[in-house]
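Only one structure is covered here, and it is reproduced in the block below.
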Amino acid sequence: MRELDHAKTGMRIRQIRKAKGWSQEELAKRCGISLNHLGQIERGKRKMSLDTFSSLCRELETDADTLLWGTMQTSDAMLQNLWKVPQGQDSGSYAMYVRIMKSVADIMGNADSFADTGMGT
């Protein structure tokens with residue numbers, strides 16, 4: 001497991017805040033924390049509570065992975081992990097499961113055009 005680098009997390013918070021054109025004071029006010037607390041977080045000098053972290057993610061309109069690690073796992077990567085055969089599973093039955101799920105995904109992808117025909121109701 002990777003070790004969290006609070007200084008880098010703080011730097012990413014600062015970068016996103018500045019990209020939005022916000023002062024530290026504005027972000028601190030939006031998150032309900034003191035200006036001093038935010039400054040220490042941005043400098044990596046203070047750890048933040050989960051509530052504060054959640055507020056920062058919400059106000060900065062970003063996800064946890066971006067703030068913590070500087071990367072976001074794409075939905076494509078998450079989907080690729082879904083299609084892997086779990087250990088201890090029969091590959092034949094799992095392959096059938098994957099085909100069913102792909103069929104459902106195809107149907108759901110066409111749900112809008114299906115609904116437009118009046119046949120979806």
Side-chain angles (χ1 to χ4, degrees):
M1 187 165 141
R2 296 188 295 185
E3 188 172 323
L4 183 60
D5 186 330
H6 295 281
K8 287 183 180 179
T9 298
M11 177 196 66
R12 287 187 280 272
I13 291 168
R14 179 182 299 117
Q15 287 174 334
I16 296 170
R17 173 183 58 76
K18 285 185 173 187
K20 291 183 169 292
W22 296 347
S23 66
Q24 278 186 329
E25 184 176 10
E26 183 173 353
L27 180 57
K29 189 179 290 185
R30 286 172 174 261
C31 293
I33 60 175
S34 72
L35 176 60
N36 183 46
H37 187 116
L38 179 60
Q40 290 177 342
I41 290 170
E42 285 190 355
R43 290 188 302 280
K45 302 295 183 191
R46 187 165 182 189
K47 294 178 183 178
M48 64 190 112
S49 70
L50 187 56
D51 287 340
T52 298
F53 181 69
S54 175
S55 294
L56 285 165
C57 288
R58 182 183 61 248
E59 294 302 327
L60 293 172
E61 298 175 323
T62 192
D63 62 287
D65 283 342
T66 298
L67 287 186
L68 293 175
W69 311 113
T71 59
M72 182 175 69
Q73 186 175 12
T74 65
S75 58
D76 287 343
M78 290 188 304
L79 287 174
Q80 290 300 319
N81 286 331
L82 286 175
W83 301 126
K84 291 181 183 174
V85 177
Q87 286 185 326
Q89 292 292 320
D90 173 41
S91 62
S93 63
Y94 190 75
M96 182 184 303
Y97 165 78
V98 170
R99 284 194 305 274
I100 291 168
M101 293 308 297
K102 285 182 178 181
S103 295
V104 169
D106 288 343
I107 291 167
M108 296 305 293
N110 294 324
D112 291 337
S113 60
F114 185 69
D116 290 341
T117 64
M119 297 174 70
T121 55

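For reference, positions follow the sequence shown, starting with 1.
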Applying side chain to side chain donor-acceptor pair (under 3.5 Å), can you list everything that pairs with Arg17, at least two apart in sequence or on another chain?
Glu42
Does any pair with a residue in residues 44-60 pass salt bridge (charged side-chain N to carboxylate O under 4.0 Å, His left out), and if so which ones, sequence neighbours excluded?
Arg30-Glu59
Rounded to the nearest 0.5 angstrom, the CD1-OG1 distance for Ile16 and Thr62 is 4.0 Å
Shortest non-hydrogen contact between Leu68 and Thr9, atoms and distance:
O-OG1, 3.6 Å
Rounded to the nearest 0.5 Å, what separation is found between the CZ atom of Arg12 and the OG1 atom of Thr66?
8.5 Å
Counterpart residues, side chain to side chain donor-acceptor pair (under 3.5 Å), relative to Thr52 (two or more places apart)
Ser49
Between Cys31 and Leu56, which heavy-atom pair has the shortest distance, and what is it?
SG-CD2, 3.7 Å
What is the minimum heavy-atom distance between Leu67 and Cys57, and which atoms define it?
CD1-SG, 3.7 Å
Should Leu27 and Met11 be counted in the same cluster of Ile, Leu, Val, Met, Phe, Trp and Tyr side chains packed under 4.5 Å apart?
no
If you measure from CD on Glu61 to NZ on Lys20, what distance do you get to the nearest 0.5 Å?
4.0 Å
From Asp63 CG over to Trp69 CH2, what is the distance, rounded to the nearest 0.5 angstrom?
13.0 Å
Quick check: closest heavy atoms across Leu38 and Gln24, and the distance to 0.1 Å?
CD2-O, 3.2 Å
